[in-house]
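First the structure, in the form of structure tokens, and then the observations on it.
What you see below is based on every heavy atom in this structure, not just the backbone, and it leaves out hydrogens, waters and symmetry mates. One-based numbering along the sequence shown. Predicted, not measured: the structure shown is a model, and the values here were computed from it.
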Amino acid sequence: MSTVKFLLPEDRIPTAWYNIQADLKEGAAPARHPGTHQPLGPDDLAPLFPMALIMQEVSRDQQIEIPEEVREAYRQWRPTPLYRARQLEKALDTPAKIYYKYEGVSPTGSHKPNTAVPQVFYNKQEGIKRLTTETGAGQWGSSLAMAGSMFGVEVEVYMVRASYDLKPYRRGMMETFGASVIPSPSDRTDAGKAILADAPDSPGSLGIAISEAVEMAVKDPGAHYALGSVLNHVMVHQSVIGLEALEQMEMTGDYPDVIVGATGGGSNFAGIAFPFIGRKLRGERDVRVVAVEPAACPSITKGSFAYDYGDTAHLTPLLKMHTLGSTFIPPSIHAGGLRYHGMSPLVSHLHNINVIEATNYNQMETFTAGIQFAKAEGIIPAPEANHAVVGAITEALRAKEEGTEKTILFNLCGHGHFDMQSYLDFMAGKLHAYEYPESEIAMALAGLPGVQD
Ligand SMILES: *Cc1c(COP(=O)(O)O)cnc(C)c1O
């Protein structure tokens, strides 16, 4: 029998994260002040984040040491396994080798704790008592809640109303860890009240929930805000995925010709891909890299590359990124974690300089692929992860057509155990193949702040 599972011993958890900014000639464009449009200094961000994270945000050091307390917490579920998808290869009858890194073994079932743990740790070190945040599908909220309970920091989560109503078990998980969960829009904040005045039945959006969480953090000097994706320091923390995968690929004797990841804000994609892209940028080894996003919320493939707000109420700094416009409310696809109007500035920059490719699929295609994967490999992917699965299957089928033996690596960023309703709905024929909502995006893009470099 040939090996399907490649495991690293505990002492191989990386001792430093990888920071791709060190290998870029030109780093990502600086964040700018939402009012003055001037580049931000560290002090501007201090009401929201601890100084350690602000420094990581702008660091150009290639290695950033992982604190021992964080490595200790990582030991709970890291290193995560790398699998060879032999059964899927057989089912597809492809000459390609397919590998996947499985982040669903974390306590909350996704890659999110990789950054939740260090974010809580650095806040605790700075004496912060309470963290506010938003959550869409509940993956980020439950991960921050878990990390908060580990380090004794209070967590307050603004959960997108539609998910709050549809996903009571994710809320139950957050509350089990001791977090408080508030459906967003709420009447606790000016941002929430303004939305409710216009639309009392608003289903909410990530952009609105971010506004509420930021507003609450700014109002309380003992509180900070935490973001689960998009920002540079999140990409740094998630690099543990790819650093482990580099070593595990060495164990297999293969090297990926193509790496595939699902992109919402870009963090799990960056996590698996950036350490390999670093090798490419340094001229050590080439690799193709493909970002897969939902057809209903296609920020890289259909958005503008421009400065935009991270939230609906325009309280956050301006980031230069691929965006669909901060007022865009994506159709309610089941991959809730991918329903965000913006994209990581670093992922956006890499696409802009043609280092990575991007593509999109509708949710009928992603669930079809997810079910094929589950039947072959026995793991039911999160609806978000199905985007990486369909991307990898497409590459494997292309290899079959071309008769090439390429090696594919993708990130299976989470399991779908809390998302079974979406699978039930798909199998009952209740899902729609939402495509790109052209006119709504055009409207939202017309409202870009028009900031020049
Ligand atoms: C949050 C989440 C995503 C989307 O966020 P990224 O920052 O793009 O990774 C994707 N998959 C899962 C399982 C998630 O929880």
Side-chain angles (χ1 to χ4, degrees), residues 40-57 64 66-74 76 106-108 112-136 138-160 164 170-193 206 208-231 233-234 236-237 310-311 313 315-317:
L40 289 182
D43 291 345
D44 295 310
L45 291 168
L48 294 181
F49 304 110
M51 207 40 78
L53 292 177
I54 294 171
M55 296 325 281
Q56 289 179 9
E57 196 60 24
I64 295 177
I66 305 179
E68 198 40 49
E69 293 88 337
V70 172
R71 285 187 84 229
E72 193 58 42
Y74 277 177
Q76 171 86 356
S106 85
T108 55
K112 296 279 189 350
N114 297 335
T115 185
V117 165
Q119 288 195 40
V120 171
F121 170 78
Y122 290 120
N123 274 292
K124 170 93 180 180
Q125 259 197 333
E126 210 173 86
I128 289 296
K129 301 270 184 288
R130 193 165 72 97
L131 283 172
T132 66
T133 197
E134 71 292 329
T135 198
Q139 291 270 18
W140 171 241
S142 46
S143 301
L144 195 71
M146 180 204 73
S149 73
M150 272 180 167
F151 290 97
V153 173
E154 238 181 88
V155 173
E156 182 174 298
V157 185
Y158 289 83
M159 185 173 192
V160 174
Y164 184 91
R170 274 285 168 197
R171 171 159 62 92
M173 203 169 175
M174 291 183 256
E175 289 174 354
T176 301
F177 288 125
S180 44
V181 187
I182 302 109
S184 164
S186 78
D187 59 9
R188 291 196 181 191
T189 64
D190 295 338
K193 280 184 216 157
L206 271 175
I208 296 169
I210 293 174
S211 297
E212 292 206 274
V214 167
E215 184 181 327
M216 291 304 279
V218 170
K219 280 179 179 164
D220 175 358
H224 270 162
Y225 163 74
L227 186 63
S229 185
V230 180
L231 299 177
H233 66 262
V234 181
V236 166
H237 303 156
D311 70 322
L315 302 175
T316 70

Exercise. Measure from the side-chain N and O atoms of Thr133 to the backbone N and O of Ala226, and report whether any donor-acceptor pair falls under 3.5 Å.
Key: yes
Quiz item: Roughly how far, to the nearest 0.5 Å, is CZ of Arg171 from OG1 of Thr135?
Solution: 13.0 Å
Quiz prompt | Test side chain to side chain contact (heavy atoms under 4.5 Å, CB included) applied to Pro42 - qualifying residues, sequence neighbours left out | solution = Met51, Ile54
Quiz item: Rounded to the nearest 0.5 Å, how far apart are CE of Met55 and CD1 of Ile64?
Solution: 10.5 Å
Quiz prompt | Taking every non-hydrogen atom, the tightest pair across Lys193 and Asp187 | solution = CE-O, 3.0 Å
Quiz item: Taking the side chain from Asp44 and the backbone from Gly41, do they hold a donor-acceptor pair closer than 3.5 Å?
Solution: yes
Quiz item: What's the verdict on side-chain contact (heavy atoms from CB on, under 4.5 Å) for Thr316 and Val214, showing C-alpha distance, side-chain angles and the deciding distance?
Solution: CA-CA 8 Å; Thr316 70; Val214 167; 4.3 Å; yes
Exercise. Calculate, to the nearest 0.5 Å, the distance between atoms CD1 and CD belonging to Ile66 and Glu72 respectively.
Key: 13.0 Å
Exercise. Could you tell me which non-hydrogen atom of Lys124 sits nearest to which non-hydrogen atom of Gly152, and how far apart they are?
Key: NZ-O, 3.9 Å
Quiz item: What pairs with Met216 under side chain to side chain contact (heavy atoms under 4.5 Å, CB included), at least two apart in sequence or on another chain?
Solution: Thr132, Glu156, Tyr158, Thr189
Practice problem: Compare all side-chain heavy atoms of Leu48 with those of Val218 and state whether any distance is below 4.5 angstrom. | Solution: yes
Practice problem: Keeping the roles fixed (side chain from Thr115, backbone from Lys112), state whether a donor-acceptor pair exists under 3.5 Å. | Solution: no
Quiz prompt | Polar side chain donor-acceptor pair, Ser143 to Thr108, under 3.5 angstrom | solution = yes
Quiz item: Less than 4.5 Å apart, any side-chain heavy atom of Val120 and any of Met150?
Solution: no
Quiz item: With sequence neighbours left out, what residues match His224 under ring pair (Phe, Tyr, Trp, His ring centres under 6.0 Å)?
Solution: none
Exercise. Determine, step by step, whether Ile210 and Leu227 satisfy the side-chain contact (heavy atoms from CB on, under 4.5 Å) criterion, reporting the C-alpha distance in whole Å, the side-chain angles of both residues, the deciding distance to 0.1 Å, and the verdict.
Key: CA-CA 8 Å; Ile210 293 174; Leu227 186 63; 4.2 Å; yes
Quiz item: Below 4.5 Å, heavy atoms only, C-beta onward: do Gln119 and Val153 meet side chain to side chain?
Solution: no
Quiz item: Restricting to pairs with a member in residues 220-231, which pass salt bridge (charged side-chain N to carboxylate O under 4.0 Å, His left out), not counting sequence neighbours?
Solution: Arg130-Asp220
Quiz item: Do Tyr122 and Pro67 have side chains that get closer than 4.5 Å, going by heavy atoms?
Solution: yes
Quiz prompt | Nearest non-hydrogen partners of Pro317 and Leu45, listed with the distance | solution = CG-CD2, 3.8 Å
Quiz item: What's the shortest heavy-atom distance between Ala179 and Ala145, and which atoms?
Solution: CB-CB, 3.7 Å
Quiz item: Hey, are Ser184 and Glu134 close enough side-chain-wise for a donor-acceptor pair under 3.5 Å?
Solution: no
Exercise. Evaluate the ring planes of His233 and Phe49, with Trp represented by its six-membered ring, and classify them as parallel (under 30°), tilted (30 to 60°) or perpendicular (over 60°).
Key: perpendicular
Practice problem: Report the distance from atom CD of Glu175 to atom OG of Ser180, rounding to the nearest 0.5 Å. | Solution: 8.5 Å
Exercise. Starting from the C-alpha separation in whole Å, work towards a yes-or-no answer on side-chain contact (heavy atoms from CB on, under 4.5 Å) for Met174 and Met159.
Key: CA-CA 11 Å; Met174 291 183 256; Met159 185 173 192; 3.7 Å; yes
Self-check item: Contact check, side chains of Val155 and Phe177, non-hydrogen atoms, under 4.5 Å
Solution: no
Practice problem: I would like to know whether Ile208 and Asp311 meet side-chain contact (heavy atoms from CB on, under 4.5 Å); could you show each step before the answer? | Solution: CA-CA 6 Å; Ile208 296 169; Asp311 70 322; over 6 Å; no
Exercise. Using atom types as modelled and distance alone, determine if a side-chain donor or acceptor of Glu212 lies under 3.5 Å from a backbone N or O of Ser186.
Key: yes
Quiz item: Can you list the residues that meet the ring pair (Phe, Tyr, Trp, His ring centres under 6.0 Å) rule with Tyr164, with sequence neighbours excluded?
Solution: none
Quiz item: Partners of Lys219 by salt bridge (charged side-chain N to carboxylate O under 4.0 Å, His left out), sequence neighbours excluded?
Solution: Glu215
Practice problem: Answer whether the closest heavy-atom distance between the side chains of Tyr74 and Pro118 falls below 4.5 Å. | Solution: yes
Quiz item: Taking C-beta and beyond as the side chain, do Pro50 and Gln125 meet within less than 4.5 Å on heavy atoms?
Solution: no
Quiz item: So do Tyr225 and Leu131 actually touch side chain to side chain, heavy atoms under 4.5 Å?
Solution: no
